[in-house]
Protein chains: 2
Amino acid sequence: MKRKITLKQIAKELDVSISTVSKALRNSIEISEDTRQKVQAFAKLYNYRPNNIALSLKNRKTKTIGIIIPEIVHHFFSKVITGIELVANKRGYNVIVGLSNESFDKEVINMQMLANGSIDGFILSIAKETLQQQDYHHFTETINQGMPIVMFDRVVNEIPCDKVIVDDVKGAKQAVEKLIKNGCKNIAIISTKDYVSVGKLRTQGYLDALEDHKITPKASLILKIEDKLMSDDHLDKLEKEIEQLFQSNKSIDGIFAVNELYAVTAIKVARKLGLEIPKSLQVISFSDGVLSKHSTPSLTTVSQHGQEIGEEAANLLINRLESEETDYNDETDEVYETVVIETNLIERESTKN
Amino acid sequence: MKRKITLKQIAKELDVSISTVSKALRNSIEISEDTRQKVQAFAKLYNYRPNNIALSLKNRKTKTIGIIIPEIVHHFFSKVITGIELVANKRGYNVIVGLSNESFDKEVINMQMLANGSIDGFILSIAKETLQQQDYHHFTETINQGMPIVMFDRVVNEIPCDKVIVDDVKGAKQAVEKLIKNGCKNIAIISTKDYVSVGKLRTQGYLDALEDHKITPKASLILKIEDKLMSDDHLDKLEKEIEQLFQSNKSIDGIFAVNELYAVTAIKVARKLGLEIPKSLQVISFSDGVLSKHSTPSLTTVSQHGQEIGEEAANLLINRLESEETDYNDETDEVYETVVIETNLIERESTKN
DNA sequence: ATAAGTTGCGAAAACGTTTTCGTGTTAAAA
DNA sequence: TTTTAACACGAAAACGTTTTCGCAACTTAT
């Protein structure tokens, strides 16, 4: 079990100083051609690589990005990670992942674990519990300690940081407009409770679309699901709630769901009730997961472009990290950007065309 | 932009030495009650936390696990990560994720980036390209440098390391036996080319089941898909291949697919051809992704227990890391474990019961 | 009053780098 | 031959910790 070789060992072996070895490896002109070659040959032979940790300590930066997300078994979030990793790697950074599991405490703990020098900055999407409790002190503290944060998707405005979001209102509105244009007269929405920011925004888009078309929203057509029902264990409960919706509104001919699961479940229930899709019921869902493409009928969706969001977030963060380096006029601008990624409607089989 | 506070700053502020501060914070008995309180109060006030990087350098271990997987937008792999993260966090470790994107080069690069001190050990699943080229030098090198590896799912026997796998042969065999028991007379398999180890093994299980029941396998019932067709871009090509399978074997009444996508695609094609599921065609698939549960009909699957695999792998790795600490009799046993996670059959709508 | 033991703290090394500065040697210039 | 410049290298500091060791200043026992 040989440890990795260090400068010190090379120096000793070659009977020169550590500084000489270091310089030789970095092709410093201070070192004679002779020794340089000797050192480099030896280093290559022993496959020397500078120790990252030592470099991090010396440079006071780790070239590592911390990601905190609510869960990873989720198409959207894993797409985002893919995007982050892509540009992070391209720009010489690693990513370290923490899962909050939608829990406030785990979010805090995870951030503390990473904030103590392990990373240079955060990219995160806020846990539902945190959104519910509206306790954001861990974010402000992190930022106050000079560690930049980029939030995506689930963001809160009161935190001063860069953000990457999709225009949930607009995306939802477009979806509902599509349903209207396709002749739907009674469009229901299946959303989450309002504390989930995106649920609220998408509901807003739904309402906006109706208003624009002089349709009076009916409370009975707005179903707000308690979020715990997302987990597979509560699938039957989710189905019941949706069935209830259909039963008490026989004339529903359009469904806008804020996520895939709600959409496919709605379709399943609707079919059981004898509705034909898209003939007598058209469905559009937010999200661009695997279900949309491969379920039958495939779903018309508002695509969120998760990977693009990740790429954008990573660029935002790294730009900030690397501008700080040169920026010696601290305390100045502190101006933050909010990038909006455009959604687009992907038409599939669950709507008429 | 205040930096995080350090021992040195506290020491200066309180006019004691760095050592005193350090000891006071760790409740050393060397320090008087008085100063200890003073230091701790001050540290708390300024929210002092020891710098992880400095600790890593000093202790020569990072308490961080490196994960290298082919892709993250994949139910199985993200489940595994969830499992790894769960036990890693519980045991005081972080996880840092690298994606190989199924590419040999990216796998190598990623491992090199992390192996230079950033992590204490690897958990990984091998990229398809690597399996194809059968070039494993980066694994052996890493291991030779004293960094333990745990492989899962896609493993190779010639590398001396701990492994966590599912019994692919057995799982596949059970699935096919279920089909046989359910009355299927002409069972086809949709698998991958043999260089994907799990594809090969599952095909073996298929053959074993047939043999056990005195059924002569027919080459025309064995479809081995070129793996590039996994990506959504080639979906139509995949469909064509499967359609071909059905067209040239009209009597197929059972399908065993090695992954979800193949299964749902097969179902889609079969329906187009007028087959009813599960009445005239029964389907079983490996994998426990989201498609299985939510597509219609839902899929009967061989569940792989991704999260459990992740948990097991993390425990294996951390155990090894922490046994090394005490184990000063190096060079000894070097005995590695291969843990087999049992699969089980989850019956849903795509088979009769 | 002296020897011995206790208490409380600081200096310094170590982890592995990079970089600044100093210095001895040799070669070129005066 | 002396002065100056170029060259090649080493010592040391710094990043932020923890820990070993040493050493004063007391306190207790003789």
Side-chain angles (χ1 to χ4, degrees), chain A residues 2-40 42-43 46-64 115-120 145-147 325, chain B residues 2-40 42-43 46-64 115-120 145-147 325:
Chain A
K2 1 165 189 182
R3 289 216 165 279
K4 293 217 61 168
I5 196 167
T6 69
L7 286 187
K8 196 196 268 195
Q9 292 168 46
I10 299 183
K12 195 166 165 193
E13 219 56 50
L14 263 47
D15 208 42
V16 292
S17 78
I18 297 183
S19 350
T20 303
V21 177
S22 176
K23 289 172 189 165
L25 291 175
R26 327 198 96 241
N27 289 316
S28 159
I29 45 157
E30 284 186 43
I31 305 299
S32 71
E33 189 58 25
D34 233 31
T35 32
R36 198 199 320 175
Q37 302 245 334
K38 198 175 56 179
V39 170
Q40 296 198 351
F42 191 91
Y46 281 86
N47 195 25
Y48 170 79
R49 296 265 184 281
N51 180 307
N52 253 326
I53 295 291
L55 284 180
S56 294
L57 184 58
K58 177 142 190 41
N59 300 330
R60 286 139 121 222
K61 60 185 172 198
T62 61
K63 291 260 177 185
T64 302
N116 304 320
S118 300
I119 61 162
D120 296 339
Q145 296 193 336
M147 181 161 299
E325 279 176 19
Chain B
K2 10 179 176 173
R3 288 215 166 280
K4 293 217 61 169
I5 197 168
T6 70
L7 286 187
K8 196 196 268 194
Q9 292 168 46
I10 299 183
K12 195 165 162 195
E13 216 58 49
L14 264 47
D15 208 43
V16 292
S17 78
I18 297 182
S19 351
T20 304
V21 177
S22 176
K23 290 172 189 165
L25 291 175
R26 326 197 97 242
N27 290 316
S28 159
I29 45 158
E30 284 186 41
I31 304 300
S32 71
E33 188 59 23
D34 233 31
T35 33
R36 198 198 321 175
Q37 301 245 336
K38 197 175 56 177
V39 170
Q40 295 198 352
F42 191 91
Y46 282 86
N47 196 26
Y48 171 78
R49 297 265 184 283
N51 181 307
N52 253 327
I53 296 291
L55 285 180
S56 295
L57 183 58
K58 177 142 191 47
N59 301 330
R60 285 141 116 219
K61 61 185 171 197
T62 61
K63 291 264 180 181
T64 302
N116 304 320
S118 301
I119 61 163
D120 296 339
Q145 296 195 334
M147 180 160 301
E325 279 176 19

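Residue numbering restarts at 1 for every chain, and letters A, B, ... go by the order of the sequence lines. Not measured: the values here are computed from a predicted model.
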Could you tell me how far apart [X] ([atom1]) and [N] ([atom2]) are, to the nearest whole angstrom?
| X | N | atom1 | atom2 | result |
| --- | --- | --- | --- | --- |
| D34(B) | dT7(C) | CG | P | 16 Å |
| Q9(B) | dG16(D) | CD | P | 8 Å |
| I31(B) | dT19(D) | CD1 | P | 13 Å |
| K58(B) | dC15(D) | NZ | C1' | 14 Å |
| N59(B) | dC15(C) | CG | C1' | 9 Å |
| K4(B) | dC15(D) | NZ | P | 17 Å |
| L7(A) | dA11(D) | CG | C1' | 15 Å |
| L57(B) | dA14(C) | CG | C1' | 9 Å |

Whether S22(B) side chain and I18(B) backbone form a donor-acceptor pair below 3.5 Å: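 Flag not set: sc S22(B) to bb I18(B) has no pair under 3.5 Å.
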Can you figure out which of [options] approaches the side chain of [X] most closely?
| X | options | answer |
| --- | --- | --- |
| Y48(A) | dT17(C), dT17(D), dG10(C) | dT17(C) |
| E30(A) | dT17(D), dG16(C), dT20(C) | dT20(C) |
| R60(A) | dC15(C), dC15(D), dT19(C) | dC15(D) |
| R26(B) | dA8(D), dC15(D), dT19(D) | dT19(D) |

Open item on the list: Side chains of L25(A) and L7(A), heavy atoms from C-beta outward: is any pair under 4.5 Å?
Closed with: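 The answer is yes; the side chains approach within 4.5 Å.
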Discussion item. So K63(A) and N52(A), do their side chains get closer than 4.5 Å, heavy atoms only?
Written reply: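 A side-chain contact is absent here, since even the closest heavy-atom pair is not under 4.5 Å.
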Next item on the list: For T35(A), report the nucleic acid contact type (base, sugar-phosphate, nothing); a contact means any heavy atom under 4.0 Å.
Entry: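 Result for T35(A) = sugar-phosphate.
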| said: For a quick check of understanding: with a heavy-atom distance under 4.0 Å over all strands, which category does R49(A) fall into, base, sugar-phosphate or nothing? | reply: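 Sugar-phosphate only.
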Q.
One pair to check against side chain to side chain contact (heavy atoms under 4.5 Å, CB included): I5(A) and I10(A). What are the steps and the verdict?
A. CA-CA 7 Å; I5(A) 196 167; I10(A) 299 183; 3.9 Å; yes
Stretch residues 17-24 of chain B: residues that reach within less than 4.0 Å of DNA chain C through a heavy atom =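 Of all residues in residues 17-24 of chain B, the ones placing a heavy atom under 4.0 Å from DNA chain C are S17(B), S19(B), T20(B), K23(B).
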ask   = Going by atom types only, do K4(B) and N116(A) share a side-chain donor-acceptor pair under 3.5 Å?
value =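 Their side chains do contain a donor-acceptor pair, which is all the 3.5 Å distance test asks for.
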| task | Calculate, to the nearest 0.5 Å, the distance between atoms CG and CD1 belonging to N27(A) and I29(A) respectively. | result |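 Atom-to-atom, N27(A):CG and I29(A):CD1 are 11.0 Å apart.
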Under the side chain to side chain contact (heavy atoms under 4.5 Å, CB included) criterion, do Q9(A) and E13(A) qualify, and how do the steps go? CA-CA 6 Å; Q9(A) 292 168 46; E13(A) 219 56 50; 5.6 Å; no
